[in-house]
Amino acid sequence: MGALNLAEWQKLPVSLSELCINTTLRCGQSFRWRKNDAGVWSMALHNRILSLHQDPEYLYYRSIPPAPSVLQAPPTPPCSNPPSIPETVDSKDDTLELIHHYFNLTPKLNDLYNRWSAADSNFARKAPKFTGIRILKQDAWEALVGFICSSNNNISRIGQMVHKLCVNYGPLLGHFDGEAYHDFPPPQALANDGVEAKLRGLGFGYRAKYLHQTACIVSSKPEGWLDSLRNPESPAFDIKPLAPALSNDDFPPQGREGYLKAHASLLELQGVGPKVADCVCLMGLGWGEAIPVDTHVWQIAQRDYKFGKGKHASLTKDTYAAIGAKFRGLWGREAGWAQSVLFTANLRAFTEQLVGKKEEVKIEEDVRVKMEEGGEEVVRDVVKVEKVVEKGVKRPYEDDGEKKVVEISESVKTRKRKKRQP
DNA sequence: CCACGACCTACTCA
DNA sequence: ATGAGTAGGTCGT
């Protein structure tokens with residue numbers, strides 16, 4: 001564990017319930033962040049290498065600009081202002097603004113959680129263990145590519161694939177912590193001949209064709225086409241935002257017109273179905289009402305919201321729309337955000353095995369999970385224990401009905417796996 | 001429209 | 001040590 005000299009960092013006061021990067025950055029929104037042994041998250045973003053660290057009081061940050069020779073210069077941050085004052089942003093450093101934008105920090109998260117909890121007892125029950133989750137405002141193209149990769153796939157491999165895209169097609173920004181950081185490749189970089197074959201060789205499988213075809217389509221459109229599908233209240237970084245409307249009144253259950261337009265436009269791309277389109281709408285285009293219905297959300301809808309029977313017995317197009325409408329009616333204009341919180345709560349059951357490929361998996365206490373340290377690779381299983389559940393049997397959905405909702409207690413089993421014995 | 005099966009790969013678990 | 005099963009879906013029939 002390298003000693004973190006946080007005195008050299010800039011910092012922003014923020015509570016873990018308003019923002020928890022350890023949850024937000026690992027819940028399957030963005031696939032590009034990397035965390036080192038010292039607990040520092042880093043990613044190439046907007047032409048710089050952004051590094052973050054969080055404790056219960058502050059979010060620490062610093063960025064390395066793309067200097068021509070970012071070689072091995074001691075990790076001196078580019079800023080020279082004393083760290084005593086949290087907010088002295090020197091006029092040309094827009095890192096704080098970038099963080100504010102990327103992490104979508106304007107809404108008061110506690111207020112949102114309270115609103116969603118008041119409207120929905122299920123949310124009220126599940127959310128307290130998963131506070132601080134924010135919907136990131138990601139680049140639309142990056143979100144599109146990432147979620148095309150996500151089909152029939154797991155988060156670990158998605159991350160590997162996105163990383164390969166950056167290494168092979170993205171411009172090198174610099175080095176940090178002994179690793180190269182590439183920016184995300186633009187559409188044109190994936191539209192060249194031979195890209196599909198190369199991606200196949202890199203292990204992308206059938207998604208290689210989708211990526212190439214989609215890159216061709218997007219780069220054939222006028223510049224800025226993707227961003228033209230944005231929610232105007234949620235512009236890209238560098239564009240001044242409008243005052244967002246906060247009322248849920250008159251919010252159409254099917255979503256606003258611009259959202260529907262964006263969703264329909266995205267469906268024309270290869271490898272983009274309704275779920276991926278909604279992911280891009282929500283996390284890349286700022287449409288808070290987008291509800292990506294994947295297998296997990298479908299399970300949640302059945303288990304907790306009475307879907308899966310009668311008219312909505314299977315996940316048809318109609319059922320998909322009905323789930324979105326139901327959630328929007330329940331939670332309002334940021335329904336996709338609320339849904340992501342429940343999604344993350346559901347994801348937890350098997351999220352532990354994903355991230356740590358080479359490093360040990362470390363779960364911070366702010367994820368509210370007890371952790372046991374082990375010298376070896378730690379694999380954690382969260383087992384849902386209901387009345388009588390055969391171990392190993394996947395219990396899809398309990399058609400609850402409020403009454404017979406058995407208290408689902410979760411026990412965390414931690415076991416250490418030894419690296420394979422020779 | 002809806003129902004089905006195929007689709008790449010890496011990793012986990014019997 | 002091998003093989004089935006699976007992971008935040010989409011496409012063609």
Side-chain angles (χ1 to χ4, degrees), chain A residues 26-31 133 135-136 138 143-164 196-214 217 263 266-284 290-301 311-323 336 339-358 361 377-383 390-394 396 413 415 417-422:
Chain A
R26 305 192 330 144
C27 67
Q29 292 191 59
S30 172
F31 307 102
I133 298 173
I135 294 295
L136 300 174
Q138 300 182 72
L144 175 58
V145 169
F147 287 108
I148 286 177
C149 291
S150 77
S151 85
N152 207 6
N153 206 347
N154 58 67
I155 295 178
S156 176
R157 181 152 80 116
I158 299 165
Q160 294 175 42
M161 290 164 70
V162 169
H163 183 65
K164 286 177 183 174
E196 179 186 341
K198 182 168 178 181
L199 290 181
R200 282 234 168 221
L202 288 171
F204 280 68
Y206 60 81
R207 302 165 197 84
K209 192 202 299 191
Y210 295 157
L211 291 177
H212 178 60
Q213 290 178 329
T214 289
I217 296 173
H263 192 264
L266 291 169
L267 286 181
E268 296 172 7
L269 303 171
Q270 290 300 306
V272 179
K275 186 270 181 182
V276 169
D278 272 323
C279 284
V280 178
C281 282
L282 178 62
M283 299 168 223
I291 306 283
V293 182
D294 56 32
T295 55
H296 293 161
V297 175
W298 173 228
Q299 287 183 16
I300 292 170
K311 179 173 168 48
H312 296 129
S314 66
L315 186 49
T316 64
K317 188 174 180 180
D318 182 59
T319 301
Y320 189 105
I323 293 174
Q339 175 268 349
S340 287
V341 175
L342 293 188
F343 169 83
T344 302
N346 207 64
L347 182 68
R348 194 165 78 96
F350 45 84
T351 192
E352 284 77 16
Q353 66 200 15
L354 306 177
V355 182
K357 184 185 151 212
K358 39 185 184 178
V361 177
E377 182 181 18
V378 175
V379 175
R380 297 155 14 83
D381 288 330
V382 178
V383 182
E390 297 295 329
K391 87 185 269 189
V393 175
K394 190 164 209 165
K413 287 185 180 171
R415 68 176 187 279
R417 280 174 92 237
K418 312 212 158 199
K419 309 239 169 179
R420 62 199 45 163
Q421 304 247 9

Under-3.5 Å donor-acceptor pair between A/Tyr206 side chain and C/dG9 base: yes
Proximity to the side chain of A/Ser150 - top-ranked nucleotide from B/dC2, C/dG8, C/dT10: C/dG8
Determine the Euclidean distance between corresponding [atom1] atoms of [M] and [N]; express it in Å to zero decimal places.
N	M	atom1	answer
B/dC4	C/dG8	P	24 Å
C/dT10	B/dC11	C1'	23 Å
C/dC11	B/dA10	P	23 Å
B/dG5	C/dG5	P	15 Å

Output the rounded distance in Å from [atom1] ([X]) to [atom2] ([N]).
X	N	atom1	atom2	result
A/Ile148	C/dC11	CD1	P	9 Å
A/Tyr320	C/dG8	OH	P	16 Å
A/Ile155	C/dG8	CD1	C1'	7 Å
A/Met161	B/dA10	CE	P	10 Å
A/Leu282	C/dG8	CG	P	17 Å
A/Gln270	C/dG12	CD	P	6 Å

Non-neighbouring partners of A/Ser314 that pass side chain to side chain donor-acceptor pair (under 3.5 Å), sequence neighbours left out: none
Pairing residues for A/Asp294 by the side chain to side chain donor-acceptor pair (under 3.5 Å) criterion, not counting sequence neighbours: none
Sugar-phosphate, base or nothing in reach of A/Arg207, heavy atoms under 4.0 Å: base
Sugar-phosphate, base or nothing in reach of A/Gln29, heavy atoms under 4.0 Å: base
Intra- and inter-strand pairs of DNA chain C in dot-bracket (Watson-Crick or G-U wobble, both distances under 3.5 Å; | for another strand): .||||||.|||||
